[in-house]
Amino acid sequence: VDGPKLALRLDTQDIRVLDTHDDVAIVRADAGVEWHRLVMWSLEHGFAGLENLALIPGTVGAAPIQNIGAYGVEVGERIRAVDAFERATGAWRRFAAHECAFAYRDSRFKREPDRDLIVAVEFALPTARSVGTAGLKIDYAGIRDAMGVAADARVGYTARDVADTVIRLRRSKLPDPAVVGNAGSFFKNPIVPA
């Protein structure tokens, strides 16, 4: 259909811890929160799990649609639930992670783009203390080398160190969005038969 279109931009900015149990925090972030801000907030509050996704442009509300991923981690691994507004019925809906049908750079929200408007996302984030060094993912795309960590090293670095390394690697590959506008790197690696 040609002609004017309506665009909505959710600008809600709340991030909060809903609960903590068994060294896991349930963190709820509004859809309008800048993605990188959530990553840094989680690290500042002692939570791990999102560090490999640092400096990805976009918002929390957009993250589940594409099931954003980088450096060996996909956001769907940390999502507990997605709250959405069903456009056709006006009903509020809550999707548990398994109902989001996350797949490689895919989700139910991507396959049905006009159905739901994501308003908030809940994450299950382990405490950095409980993850320790062994639980951090550094064996992907040069992170270990960029950190200068030996292959057999299991101590001496933190989730924040991983995030700082990812930020350095991303900045070396992409122009600074404050200088040259960009949408980051969004693609889907091809899957080909052997």
Side-chain angles (χ1 to χ4, degrees), residues 13 15 17 23-80 97 100 102-107 110 121-190:
Q13 297 292 315
I15 305 171
V17 177
D23 291 323
V24 173
I26 305 305
V27 174
R28 179 183 171 88
D30 287 342
V33 172
E34 178 189 350
W35 176 258
H36 183 66
R37 177 177 160 232
L38 172 65
V39 173
M40 301 313 287
W41 181 96
S42 69
L43 293 168
E44 290 163 9
H45 285 79
F47 306 128
L50 302 179
E51 57 277 352
N52 294 56
L53 304 175
L55 210 61
I56 294 177
T59 63
V60 167
I65 296 169
Q66 171 90 2
N67 188 20
I68 62 171
Y71 297 99
V73 175
E74 291 184 339
V75 74
E77 298 169 30
R78 295 295 177 203
I79 289 178
R80 179 176 184 247
C100 297
F102 291 123
Y104 176 63
R105 302 300 172 266
D106 197 21
S107 71
K110 185 175 180 180
V121 182
E122 284 182 16
F123 300 88
L125 302 178
T127 61
R129 175 184 78 255
S130 70
V131 170
T133 300
L136 299 174
K137 293 187 179 183
I138 66 166
D139 289 321
Y140 188 88
I143 294 178
R144 181 181 291 278
D145 291 340
M147 289 176 63
V149 176
D152 59 350
R154 293 287 175 221
V155 296
Y157 53 92
T158 65
R160 181 59 189 250
D161 295 330
V162 174
D164 290 344
T165 301
V166 167
I167 290 166
R168 279 194 314 276
L169 288 169
R170 291 181 67 80
R171 284 188 172 143
S172 73
K173 295 176 182 183
L174 296 171
D176 181 349
V179 176
V180 177
N182 72 77
S185 171
F186 59 97
F187 60 90
K188 189 171 181 178
N189 287 320

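Just so we're clear, the structure is a prediction, and the values are computed from it rather than from any experiment. What's counted below: heavy atoms across the whole structure, side chains too, no hydrogens, waters or symmetry copies.
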Over all atoms of both residues, closest heavy-atom pair of Leu50 and Ser42: CD1-OG, 4.2 Å
pair Ile79-Val121: side-chain heavy atoms closer than 4.5 Å: yes
Phe123 side chain reached by Val60 side chain, heavy atoms, under 4.5 Å: yes
Beyond-backbone contact of Tyr104 with Glu74, side-chain heavy atoms, under 4.5 angstrom: yes
Exam field: side chain Asn67 to backbone Gly76, donor-acceptor pair closer than 3.5 Å: yes
From CA spacing to verdict: salt bridge (Lys or Arg N to Asp or Glu O under 4.0 Å), Asp164, Arg160: CA-CA 6 Å; Asp164 290 344; Arg160 181 59 189 250; 3.1 Å; yes
Which pairs of donor and acceptor atoms, one on a side chain in residues 25-33, lie under 3.5 Å apart (sequence neighbours left out)?
from, atom 1, to, atom 2, distance (Å)
Arg28, NH1, Asp83, OD2, 2.3
Arg28, NH2, Asp83, OD2, 3.4
Asp30, OD2, Asp14, N, 3.0

Heavy-atom closest pair, residues Ser107 and Phe102: CB-CD2, 3.8 Å
Atom of Ala159, atom of Glu51 and distance for their closest heavy-atom approach: O-CB, 3.4 Å
Atom pair CG (Asp161) and CG (Leu136), whose distance is rounded to the nearest 0.5 Å: 9.0 Å
For the student: nearest non-hydrogen atoms of Ala70 and Ile56, plus distance: CB-CD1, 4.1 Å
From CG (Leu55) to CG (Leu169), nearest 0.5 Å: 10.5 Å
Close side-chain approach of Val24 and Leu125, heavy atoms under 4.5 Å: no
Stepwise side-chain contact (heavy atoms from CB on, under 4.5 Å) check, Trp35 with Ile68: CA-CA 10 Å; Trp35 176 258; Ile68 62 171; 3.7 Å; yes
Minimum-distance pair of heavy atoms, taken over all atoms of Ala163 and Leu43: CB-CD1, 3.4 Å
Side-chain heavy atoms of His36 within contact of Ile167, under 4.5 Å: yes
Listed once per pair and sorted, the ring pair (Phe, Tyr, Trp, His ring centres under 6.0 Å) pairs that draw on residues 44-66, sequence neighbours left out: Trp41-His45
From CZ (Arg78) to CG (Asn52), nearest 0.5 Å: 9.5 Å
Val131 to Ala48 - nearest heavy-atom pair and separation: CG2-CB, 4.0 Å
Heavy-atom side-chain proximity of Thr165 to Arg144 below 4.5 angstrom: no
Side-chain heavy-atom pair Glu34, Gln13 within 4.5 angstrom cut-off: no
Val162 and Tyr71, any side-chain heavy atoms less than 4.5 Å apart: no
